[in-house]
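The structure appears right after this line, and notes come after that.
The sequence lines fix the lettering, A, B, ..., with proteins before strands; numbering per chain opens at 1. Atom set for the values below is all heavy atoms of this structure, side chains included, hydrogens, waters and symmetry mates excluded.
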There are 2 protein chains.
Amino acid sequence: MIPARPYAFAIDRLRKAGLRPTRQRLALLRLMFDGGDRHVTAEQLHAEALAAKLRVSLATVYNTLNQFTAAGLLREVVVEAGRSYFDTNTSDHHHFFFEASGRLQDIPGADLKVSDLPPPPAGTTVSRVDVIVRVKSPDNN
Amino acid sequence: MIPARPYAFAIDRLRKAGLRPTRQRLALLRLMFDGGDRHVTAEQLHAEALAAKLRVSLATVYNTLNQFTAAGLLREVVVEAGRSYFDTNTSDHHHFFFEASGRLQDIPGADLKVSDLPPPPAGTTVSRVDVIVRVKSPDNN
DNA sequence: AAATAGTCTAGAATGATTCTAGACTATTGA
DNA sequence: TCAATAGTCTAGAATCATTCTAGACTATTT
């Protein structure tokens, strides 16, 4: 579970993304990626960082998440107005969204298929297809 | 184009939704629905209302949009963190999202199909499946 | 027409996110 | 090795969308 040369690997990922491997970025990267596939908000990650004794400002967490997203290390998922999740799984897949709790859960890409997609409007190309399956618990509805 | 008894029809829709047909609600309803299928933000609708000489507060626009959504007259579409669109088309359909301009365009429901959807997690039922096809212009990218 | 229940409003409050300006740090190259 | 530089970090202010509040107003009921 624990990578043999954890920092070397993380440093390499950052370098390839054109980002200097700073203490903050390294720590945030490992916090996000050492736990498998995750969906975190900036606030959540900030709280985790503080709990792990890393001193980082919330602004840096936001900057870092945006930089990682731009570099393709993360994918941003928008499900509710006013809240962004960052997904450590950047491969082709979709999501269940629990309306009651506001939580996300991956749907493996292979399971779900989108077909008969009409051609994109003239002059544009498809950059991504997002499928959100909103589910509710019959009880708290 | 102009309905024969515009207000009577609008009043009826509101009554059926359990909402009193007030001046503000009637005007906002007609502003939204008299132009065919539309995707508007609260700010946009507020600006339109003011331009049409209707004095409404932004708070009322938000309240009204939320009430209409709860009543099933509108559908809320979230594509970008921090911005909600309200869609006057509540029938089964999906959207193209222009990343460059932030605009939405309907994809008729019949065109696109989602298949092999895994069963929803235990204890939940699917309330809606949203498909967002994000497109970009090769130029401004 | 009076009582009531519901609605509207301006402005304050909230919550997420971005900006700012100065302090700090990784990288470069002599 | 060390200064120059370019990039990064931070706390707090600023911004933006949205919701809340409390009092004034209005549709409905009696």
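At its two ends the helix from C:dA1-D:dT30 to C:dA30-D:dT1 runs along axes set 30° apart, each axis drawn from five pairs and the angle rounded to 10°.
A close approach under 4.0 Å does occur between a side-chain nitrogen or oxygen of B:Thr60 and OP1 or OP2 of C:dT9. Between C:dA26 and A:Arg23, no contact under 4.0 Å exists linking OP1 or OP2 to a side-chain N or O. Not one side-chain nitrogen or oxygen of A:Ser84 sits closer than 4.0 Å to the OP1 or OP2 atom of C:dA16. Applying the 4.0 Å criterion to OP1 and OP2 of D:dG12, one finds that A:Ser57 has every side-chain N and O outside that range. An OP1 or OP2 oxygen of D:dT10 is reached within less than 4.0 angstrom by a side-chain nitrogen or oxygen of A:Gln24. Side-chain N/O atoms of B:Asn66 include one lying less than 4.0 angstrom from OP1 or OP2 on D:dT19.
A straight line from NE2 of B:His46 to C1' of C:dT9 spans 10 Å, rounded to a whole angstrom. To the nearest angstrom, P of D:dG7 lies 16 Å from CG of A:Leu14. Atom CG in B:Leu65 sits about 15 Å away from atom P in C:dT7, given to the nearest Å. Rounding to whole angstrom units, CG of residue A:Asn63 and C1' of C:dC19 are separated by 10 Å. The distance between atom CG of A:Leu58 and atom P of D:dA13, rounded to the nearest whole Å, is 15 Å. Put simply, OH on B:Tyr85 is 16 Å from C1' on D:dT18, counting in whole angstrom units. Atom P of nucleotide D:dA11 and atom CZ of A:Arg55 are separated by 8 Å, given to the nearest angstrom. The CG-C1' distance, from A:Leu19 to C:dT25, rounds to 15 Å in whole Å.
Looking at A:Glu76 and A:Ser84, their side chains do bring a donor and an acceptor atom within 3.5 Å of each other. With 3.5 Å as the limit, one finds no donor-acceptor pair spanning the side chains of A:Asp130 and A:His94. Checked by atom type, the side-chain pair A:His95/A:Asp87 shows a donor-acceptor distance below 3.5 Å.
Geometric assessment of B:Arg13 against the ring of B:Phe33 yields a positive cation-pi assignment under the 6.0 Å and 45° thresholds.
Counted within 6.0 Å of CZ on A:Arg55, heavy atoms from surrounding residues, nucleotides or ligands total 12 or fewer; the atom is thus considered open.
Ring geometry, A:Phe98 versus A:Phe96: the interplanar angle falls from 30° to 60°, so the pair is classed tilted.
Transitive grouping of hydrophobic side chains (ILVMFWY, heavy atoms separated by less than 4.5 Å) keeps A:Val114 and A:Ile132 in distinct clusters.
When distances are taken from the side chain of A:Tyr62 to each of C:dT7, D:dA27, C:dA16, the shortest belongs to C:dA16. Closest to the A:Arg25 side chain, of the nucleotides D:dT19, D:dC9, C:dC8, is D:dC9. Closest approach to the A:Ala59 side chain among D:dA11, C:dA16, C:dT27 is made by D:dA11 (side chain taken as heavy atoms from C-beta onward).
Across the interface with DNA chain D, nearest-nucleotide mapping of B:Glu43 and B:Arg20 shows B:Glu43 to be the residue nearer the 5′ end. Of the two residues contacting DNA chain C, namely B:Gly18 and B:Ala81, the nearest-nucleotide position lying further toward the 5' end is that of B:Gly18. Positionally, the nearest nucleotide of DNA chain D for B:Thr41 lies more toward the 5' end than for the other of B:Arg15 and B:Thr41.
For the pair A:Arg38 and A:Glu48, the salt-bridge criterion is met [side-chain N within less than 4.0 Å of a carboxylate O].
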